[in-house]
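As structure tokens, the structure follows; a few thoughts come after it.
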Amino acid sequence: MTVTLAIETSCDDTCAAIVAGAHATSGGTAVSNVVASQLEHDRFGGVVPEIAARGHLLQMQPVIDEALDQAQMTLGDVDQVAVTTGPGLTGALLIGVASAKAIAAARGLPLVAVDHLHGHVCANFLEPQPLAPPFLCLVASGGHTFLAAVHGYTAADVEVLGRTLDDAAGEAFDKAARMLGLGFPGGPALQRLAEAGDADAFPLPTAEKVRGLDFSFAGLKTALLYTIRDLGDEARHARAADLAASFQHAVVEQLAIRVERALAQTGLAQLALGGGVAANGPLRERMTSLGVPCSIPPISLCTDNAAMIASAAQWADVLPHDDALRAEVYATGNGRLS
Ligand code: KG4
Ligand code: ZN
């Protein structure tokens with residue numbers, strides 16, 4: 001049984017996991033899945049790359065130790081090391097990749113380079129209920145929003161059908177939350193505020209002009225900004241819940257419209273969600289009512305984590321020993337998924 005130590009540092013979460021028992025149709029079981037989130041970014045209203053890299057430097061070793069401890073294992077039990085090489089923040093990725101290289105080199109272990117977006121898709125292949133391709137996969141997080149036809153298990157089997165032309169869905173939630181005076185990350189706070197609001201109070205755009213399966217949240221963001229400005233200070237506070245509910249509704253509808261379109265176009269009969277925005281209650285409700293089975297991994301596997309990276313490693317290339325130390329990171333665009 002192969003034991004994988006996986007490391008993920010593409011954004012602001014320092015992640016390590018131990019995953020065991022992967023095979024041809026399963027990414028394995030997450031024996032441990034540790035995430036150290038950085039709260040320092042809150043006061044800047046977004047992730048600051050330098051602070052993220054520094055945070056990873058401080059957290060990496062304790063997080064790996066914790067992942068091994070929780071699995072009741074030592075590095076001697078590990079058969080391979082998997083690491084996210086991109087896309088993401090270069091400085092942040094470098095900390096994870098340098099750590100993975102060091103462990104692999106010191107222990108003589110194979111190193112597997114994993115694409116972060118392939119990782120989000122492969123969260124669906126983890127036990128206890130690994131999904132079987134083909135399926136349509138919507139990944140919506142703070143950094144990415146894309147829709148893919150997943151024909152098989154490898155990154156080459158993931159056919160990206162549409163992606164955001166500007167902000168990611170989570171980023172849009174965060175920016176809207178900021179306009180409404182809520183903290184970062186804004187998605188959960190905005191959802192809570194929206195519970196008391198009327199989703200039809202303010203009709204906001206769903207990127208109708210963007211044809212096909214791409215997404216766009218810039219127009220929605222501007223529309224919210226103008227709506228808030230036109231309301232004036234007093235009404236804007238009094239109607240904050242209505243504003244939040246209307247914004248959330250517009251995001252969910254935009255995502256749902258594309259998913260419905262993609263299901264019709266591809267004939268795929270299963271849907272899977274990933275990314276932090278999959279935590280959103282109304283989105284989950286909407287996606288589970290589209291007439292096809294909708295699989296949503298536990299939130300700890302939807303948000304950034306290393307177990308999904310270990311899962312993807314089952315279908316990614318092991319780097320030849322001589323090349324392992326030369327593995328490079330990429331911020332965007334590896335020519336396949338990103
Ligand atoms: O996947 P994730 O943890 O990290 C990234 O790779 O970005 O996603 C974080 C994003 C944030 O933008 C956050 O606001 C959003 O997911 N999010 C939500 C909810 N929970 C997290 N958005 C809407 N509703 C939620 N309940
Ligand atoms: Zn992510």
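Atoms within each ligand, like the ligands themselves, are counted from 1 in listed order. Quick note: numbers below take in every heavy atom, side chains included, and nothing from hydrogens, waters or symmetry partners.
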**Request:** Applying salt bridge (Lys or Arg N to Asp or Glu O under 4.0 Å), name anything that partners D167, two or more places apart in sequence or on another chain.
**Result:** K175, K221

**Message:** Any non-hydrogen side-chain atom of Q38 less than 4.5 Å from a side-chain atom of Q59?
**Reply:**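 No, too far: nothing below the 4.5 Å cut-off.
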
**Beyond-backbone contact of V81 with T4, side-chain heavy atoms, under 4.5 angstrom** = no

**Asked** Can you say whether the rings of W315 and Y153 are parallel (under 30°), tilted (30 to 60°) or perpendicular (over 60°)?
**Response**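 Rings of W315 and Y153: parallel, under 30°.
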
**Request:** Report the relative orientation of the aromatic rings in H144 and H116; use parallel for angles under 30°, tilted for 30 to 60°, perpendicular for over 60°.
**Result:**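 H144 vs H116 ring planes: tilted.
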
**Request:** Please note down the angle at the Zn ion (ligand 2) between NE2 of H116 and NE2 of H120, to the nearest 10°.
**Result:**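 With the Zn ion (ligand 2) as the vertex, NE2 (H120) and NE2 (H116) sit 90° apart.
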
**Request:** Identify the residue among F202, F173, F217 that makes a ring-ring contact (aromatic ring centres under 6.0 Å, His included) with F247.
**Result:**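 So the option named by the test is F173.
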
**Message:** Is a donor from one side chain sitting under 3.5 angstrom from an acceptor on the other, for T84 and E8?
**Reply:**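 Short answer, yes.
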
Mind listing the N or O contacts between ligand 1 and protein, cut-off under 3.5 Å?
unit_1   : atom_1 : unit_2 : atom_2 : d
ligand 1 : 1 (O)  : G276   : N      : 2.9
ligand 1 : 6 (O)  : D304   : OD1    : 3.2
ligand 1 : 6 (O)  : D304   : OD2    : 2.9
ligand 1 : 7 (O)  : G142   : N      : 2.7
ligand 1 : 7 (O)  : G143   : N      : 3.2
ligand 1 : 8 (O)  : G142   : N      : 3.4
ligand 1 : 12 (O) : G170   : O      : 3.0
ligand 1 : 12 (O) : D174   : OD1    : 3.4
ligand 1 : 12 (O) : D174   : OD2    : 2.7
ligand 1 : 14 (O) : D174   : OD1    : 2.6
ligand 1 : 14 (O) : G187   : N      : 3.0
ligand 1 : 24 (N) : N280   : ND2    : 2.9
ligand 1 : 26 (N) : Q191   : OE1    : 2.8

**Asked** For the Zn ion (ligand 2), what is the closest N, O or S atom on D304?
**Response** OD1

